[in-house]
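Protein chains get the first letters and strands the later ones, always in sequence-line order, with residue 1 at the start of each.
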Amino acid sequence: MTDIFTFRVKKIIGSIPVGKVTTYGRVACWAGNSKGARQVARILHSNSEKYSLPWHRVVNRHGKISSRPSLGHIFQRQLLEEEGIVFDDSGRIDYSLYLWYPEPRAVEGE
DNA sequence: CTCGTGACTCCCG
DNA sequence: TCGGGAGCCACGA
């Protein structure tokens, strides 16, 4: 199919284990489009509510929450802390501890 | 079909 | 460390 990108994004996000996080750019790359970071964010936003995807486990490349400075922003951080993820004083996540890499199988999985 | 938008990232400075 | 500018692409209207 042509929209495998969208499909993979949902597949990958849904594969993120509890207590782990990843970045939009990485997901985009694994999904087949290294430049589709924004689309990942958009797709995720569009689908998270309909498919219950763990969008909160996806942050930007700095390890910070990118959502607009609103309630969602706080909500996301709260969810992550609930899963054991710790933020430093700058509000960032320690990638050396929480960064997650998907399994090729999960990406190809169809 | 076209157009506008955006939960990103890279590249300077 | 932080901010502005440009690029990229999917999706809804």
Quiz item: In terms of side-chain heavy atoms, does A/Glu83 have a donor or acceptor partner in A/His56 at a distance below 3.5 Å?
Solution: yes

How long is the line joining [atom1] of [X] and [atom2] of [N], in whole Å?
X: A/Glu49; N: C/dG12; atom1: CD; atom2: C1'; value: 15 Å
X: A/Lys64; N: B/dT9; atom1: NZ; atom2: P; value: 13 Å
X: A/Phe5; N: C/dC11; atom1: CZ; atom2: C1'; value: 12 Å
X: A/Arg38; N: C/dA10; atom1: CZ; atom2: P; value: 13 Å
X: A/Trp55; N: B/dA7; atom1: CH2; atom2: C1'; value: 8 Å
X: A/His45; N: B/dC8; atom1: NE2; atom2: C1'; value: 15 Å
X: A/Ile43; N: B/dG6; atom1: CD1; atom2: P; value: 16 Å
X: A/Leu80; N: B/dA7; atom1: CG; atom2: P; value: 17 Å

Practice problem: Tell me which nucleotide among C/dC8, C/dA10, B/dT9 gets nearest to the side chain of A/Thr6. | Solution: C/dA10

Quiz item: Among B/dA7, B/dG6, B/dT9, which nucleotide sits nearest the side chain of A/Gln39?
Solution: B/dG6

Quiz prompt | Interface residues of residues 14-34 of chain A with DNA chain B (non-hydrogen, below 4.0 angstrom) | solution = A/Thr23, A/Tyr24, A/Gly25

Exercise. Identify, residue by residue, the members of residues 87-100 of chain A with a heavy atom below 4.0 Å from DNA chain B, and return them in order of residue number, or none.
Key: none

Quiz prompt | Under-3.5 Å donor-acceptor pair between A/Arg42 side chain and B/dG6 base | solution = no

Side-chain contact test, heavy atoms from C-beta onward, threshold under 4.5 Å: evaluate it for [X] versus [Y] and give yes or no.
X: A/Asp94; Y: A/Phe87; answer: no
X: A/Ile13; Y: A/Tyr51; answer: no
X: A/Arg26; Y: A/Tyr101; answer: yes
X: A/Thr23; Y: A/Asn60; answer: no

Self-check item: Residue among A/Gln76, A/Lys64, A/Arg77 satisfying side-chain contact (heavy atoms from CB on, under 4.5 Å) with A/Val59
Solution: A/Gln76

Self-check item: Mutual orientation of the aromatic rings belonging to A/Phe75 and A/Trp55 [parallel < 30°, tilted 30-60°, perpendicular > 60°]
Solution: tilted

Quiz item: 5'-most contact on DNA chain C: A/Lys35 or A/Ser46, nearest heavy atom basis?
Solution: A/Lys35

Quiz prompt | Over all atoms of both residues, closest heavy-atom pair of A/Ile12 and A/Pro102 | solution = CG2-CB, 4.5 Å

Quiz item: A/Arg61 side chain N/O closer than 4.0 Å to the phosphate oxygens (OP1, OP2) of B/dC10?
Solution: yes

